[in-house]
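Heavy atoms only: backbone and side chains are in, while hydrogens, waters and symmetry mates are out. Numbers here simply count residues along the sequence, with the first being 1.
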Amino acid sequence: MAGVGILVIPYLTGYFGTGQYGVVAFFLMLQSLLNLLDLGFSAGVSKDASKYRNGDISKKYFLSVLFLFFKLFFSIAIISGFSLYAINEVVVAKWSDQSLNVAEVDLYSIVYSISIILALRMLSTYFRSVIFGLCDLKGLAVINVVSTTFKFIVPIPFLYIFQLSLLDYFLYQLVVQVFEVIFLVMRCWRLVGFSFEKIDPVPAENRTAILTFVLGVGLSSITWILISNVDKLYTSSLLSLEELGFLHIAVTISGVVTVLTAPVMNAVVPRVTMLFSSQKIEELEYIFKLLSLIVAATVLPVISVSVIFGEQLLAFWFSNAELARSIILPFQCYLVGNFFLAMASMSYPFSLADGRMKLRNISSVTLLLFLLFTLPIAILKWGVLGASLTWATAMVLYWLVWQPLLVKQFSDGLFLDSFLKDILPIIMVTLFSTFVFVRIEFSAGFLIFVWSVLYYLFVVFFCCLSSNTGRKFLANFSGGVWALRK
């Protein structure tokens with residue numbers, strides 16, 4: 001579903017313009033920051049829901065835990081919604097100075113709508129955590145697909161057909177959010193079977209254990225949420241809404257890296273955990289090399305495509321050459337930064353399975369402090385480009401400094417071996433192909449998509465061949481297919 005948000009950007013920017021789209025970007029940024037207030041509570045809800053499903057705790061105790069967490073989530077929802085409402089005059093005053101062509105009364109209504117949506121989103125997080133913990137993944141997937149469709153895809157034709165305003169767009173989002181909460185409540189009610197009997201409070205010693213767990217999980221989550229949003233926070237404070245819109249577009253499109261790599265990361269966690277428990281180090285090393293190969297061989301060609309075809313692709317996609325020129329460099333910087341962040345994340349499943357998270361938490365806090373101190377200077381001096389360059393630099397340094405230490409915790413020498421035999425050859429192939437093809441003139445229009453896809457597949461293939469692990473994998477795969485044919 002992450003790709004849907006990327007696909008609708010041209011339609012929203014084309015309809016609202018980059019200035020009004022900055023308000024949408026501000027709204028989406030606040031939704032991301034709302035996860036800060038979770039503090040790991042959703043993980044606690046899911047954990048106890050899983051225990052109830054497995055029969056480890058009674059229904060009576062489970063309902064007590066749910067009620068405890070509901071009070072916490074409801075309090076956070078009220079605080080988050082009221083906080084934005086309380087500063088509505090400051091927000092509207094900042095927006096009013098930026099020629100958005102939106103009436104001031106509508107701006108106030110937009111801020112009120114966003115504040116209510118944020119509160120409802122926090123409640124949605126609570127009910128989603130319950131459903132996830134009870135392993136009703138099919139039901140949750142259906143709700144997520146329907147909700148995403150109505151939030152991102154359905155509004156597009158309505159905007160163009162009925163010529164809706166920015167306020168209409170946010171009122172529509174508010175209605176969708178209300179129905180999302182209603183359907184999540186109905187699903188939870190069906191799964192848990194709530195009763196109107198008196199619910200006993202959770203014993204004090206159990207409350208302490210629950211809060212210790214959720215805050216431990218929350219610390220790491222908060223750090224990475226801040227890392228992911230600190231650039232947008234500074235940009236929204238120091239620059240105009242239009243520039244925030246530019247930054248948000250560049251960040252969102254570069255999220256294609258996450259779309260390519262996140263499923264692989266999630267898929268290996270159970271396998272890595274099992275191998276750690278049986279101490280099969282050689283197999284763990286092979287999985288790490290394979291993960292690094294997959295990330296490098298799929299993401300580096302994307303960066304190469306952005307260098308050769310990037311501006312033409314964006315201009316065709318947005319039907320706006322000026323917008324493409326404005327975001328191409330920040331977009332490429334975020335692609336590079338996200339690549340190194342993805343490479344650094346390859347060690348996360350291993351740290352998690354090994355249970356040694358202290359060094360990773362220290363590295364995350366160090367990265368956050370670096371961004372907190374360098375981003376405002378870069379943004380004030382170079383604007384959106386300064387934010388993207390600082391982000392990319394921080395991620396490269398994070399990978400170079402911390403990844404060798406994190407990998408060394410479970411395998412000494414693995415990082416250097418993987419870099420020299422797998423990553424470096426892929427980097428060289430990508431640089432060489434970029435150097436050769438950037439000199440060729442390609443026809444514009446729809447054919448640019450065809451050329452970019454063909455080039456991407458070509459480079460991915462040769463990247464895999466250049467890697468030692470890639471050649472072994474292809475040899476084993478082809479040998480298995482040949483054996484099946486026999």
Side-chain angles (χ1 to χ4, degrees), residues 2-33 91 94-102 107 110 114 152 159 166 169 227-258 302-303 305-307 309-338 341 371 374-395:
V4 177
I6 298 174
L7 293 175
V8 300
I9 289 177
Y11 300 100
L12 292 176
T13 54
Y15 183 83
F16 288 123
T18 51
Q20 290 189 14
Y21 179 77
V23 179
V24 179
F26 176 78
F27 164 62
L28 296 172
M29 178 194 71
L30 287 181
Q31 289 191 88
S32 298
L33 288 173
V91 176
K94 183 175 176 61
W95 290 353
S96 299
D97 296 337
Q98 301 187 34
S99 303
L100 296 178
N101 296 320
V102 179
L107 290 177
I110 288 170
I114 293 175
F152 292 101
L159 288 172
L166 188 63
Y169 174 79
I227 289 170
S228 302
N229 290 279
V230 66
D231 52 344
K232 294 183 278 293
L233 262 176
Y234 278 131
T235 304
S236 65
S237 303
L238 301 174
L239 302 178
S240 66
L241 277 174
E242 184 176 32
E243 289 171 304
L244 174 62
F246 289 152
L247 182 80
H248 189 269
I249 293 169
V251 171
T252 305
I253 301 174
S254 67
V256 68
V257 173
T258 305
V302 172
I303 299 174
V305 167
S306 76
V307 173
F309 307 100
E311 190 171 335
Q312 290 174 285
L313 282 170
L314 291 174
F316 178 76
W317 188 25
F318 286 99
S319 300
N320 189 330
E322 185 179 349
L323 176 60
R325 281 192 295 273
S326 299
I327 67 172
I328 183 62
L329 286 177
F331 166 58
Q332 290 168 342
C333 289
Y334 274 105
L335 272 181
V336 172
N338 284 339
L341 178 59
L371 290 171
T374 57
L375 272 172
I377 299 171
I379 290 172
L380 287 172
K381 193 170 181 64
W382 298 295
V384 172
L385 182 59
S388 56
L389 278 170
T390 304
W391 168 266
T393 303
M395 296 307 129

Work out which heavy atom in [X] is nearest to a heavy atom in [Y]; give both atom names and the distance.
{"X": "Ser236", "Y": "Met29", "answer": "OG-CE, 3.8 Å"}
{"X": "Val336", "Y": "Ile303", "answer": "CA-CD1, 3.9 Å"}
{"X": "Thr390", "Y": "Ala378", "answer": "OG1-CB, 3.0 Å"}
{"X": "Ala315", "Y": "Ala324", "answer": "N-CB, 3.5 Å"}
{"X": "Ser254", "Y": "Asn338", "answer": "OG-ND2, 3.1 Å"}
{"X": "Ala25", "Y": "Gly245", "answer": "CB-CA, 4.4 Å"}

If you apply the rule side-chain contact (heavy atoms from CB on, under 4.5 Å), what do you find for Asp231 with Tyr334, and how did you get there? CA-CA 11 Å; Asp231 52 344; Tyr334 274 105; 2.5 Å; yes
Short question: side chain of Gln332, backbone of Ser306 - any donor-acceptor pair under 3.5 Å? yes
Determine whether a donor-acceptor pair (N or O, by modelled atom type, separation under 3.5 Å) exists between the side chain of Thr252 and the backbone of Ile249. no
Of all residues at least two apart in sequence or in a different chain, which pass the side chain to side chain contact (heavy atoms under 4.5 Å, CB included) check with Glu243? Leu239, Ser240, Val384
Do [X] and [Y] have side chains that get closer than 4.5 Å, going by heavy atoms?
{"X": "Leu329", "Y": "Ser388", "value": "no"}
{"X": "Met395", "Y": "Ile227", "value": "yes"}
{"X": "Ile9", "Y": "Tyr21", "value": "yes"}
{"X": "Ile253", "Y": "Trp317", "value": "yes"}
{"X": "Leu314", "Y": "Leu323", "value": "no"}

Just jot down the ring pair (Phe, Tyr, Trp, His ring centres under 6.0 Å) partners of Phe27, sequence neighbours excluded, or say none. Phe170
In chain order, what residues pass the ring pair (Phe, Tyr, Trp, His ring centres under 6.0 Å) check against Tyr169, with sequence neighbours excluded? Phe16
Decide yes or no on side-chain contact (heavy atoms from CB on, under 4.5 Å) for Ile327 and Phe318, but give the supporting numbers first. CA-CA 11 Å; Ile327 67 172; Phe318 286 99; 4.1 Å; yes
As an exercise, state the distance from [atom1] of [X] to [atom2] of [Y], rounded to the nearest 0.5 Å.
{"X": "Thr235", "Y": "Leu241", "atom1": "OG1", "atom2": "CG", "value": "11.5 Å"}
{"X": "Tyr15", "Y": "Leu166", "atom1": "OH", "atom2": "CG", "value": "9.5 Å"}
{"X": "Thr13", "Y": "Glu242", "atom1": "OG1", "atom2": "CD", "value": "11.5 Å"}
{"X": "Tyr234", "Y": "Leu244", "atom1": "OH", "atom2": "CG", "value": "15.0 Å"}
{"X": "Ser326", "Y": "Glu311", "atom1": "OG", "atom2": "CD", "value": "9.5 Å"}

Among Thr393, Leu389, Ile328, whose side chain to side chain contact (heavy atoms under 4.5 Å, CB included) with Cys333 holds? Leu389
List the steps, then state whether side-chain contact (heavy atoms from CB on, under 4.5 Å) holds for Gln31 with Leu28. CA-CA 5 Å; Gln31 289 191 88; Leu28 296 172; 3.5 Å; yes
Step by step, would you call Leu247 with Trp391 a side-chain contact (heavy atoms from CB on, under 4.5 Å)? CA-CA 12 Å; Leu247 182 80; Trp391 168 266; over 6 Å; no
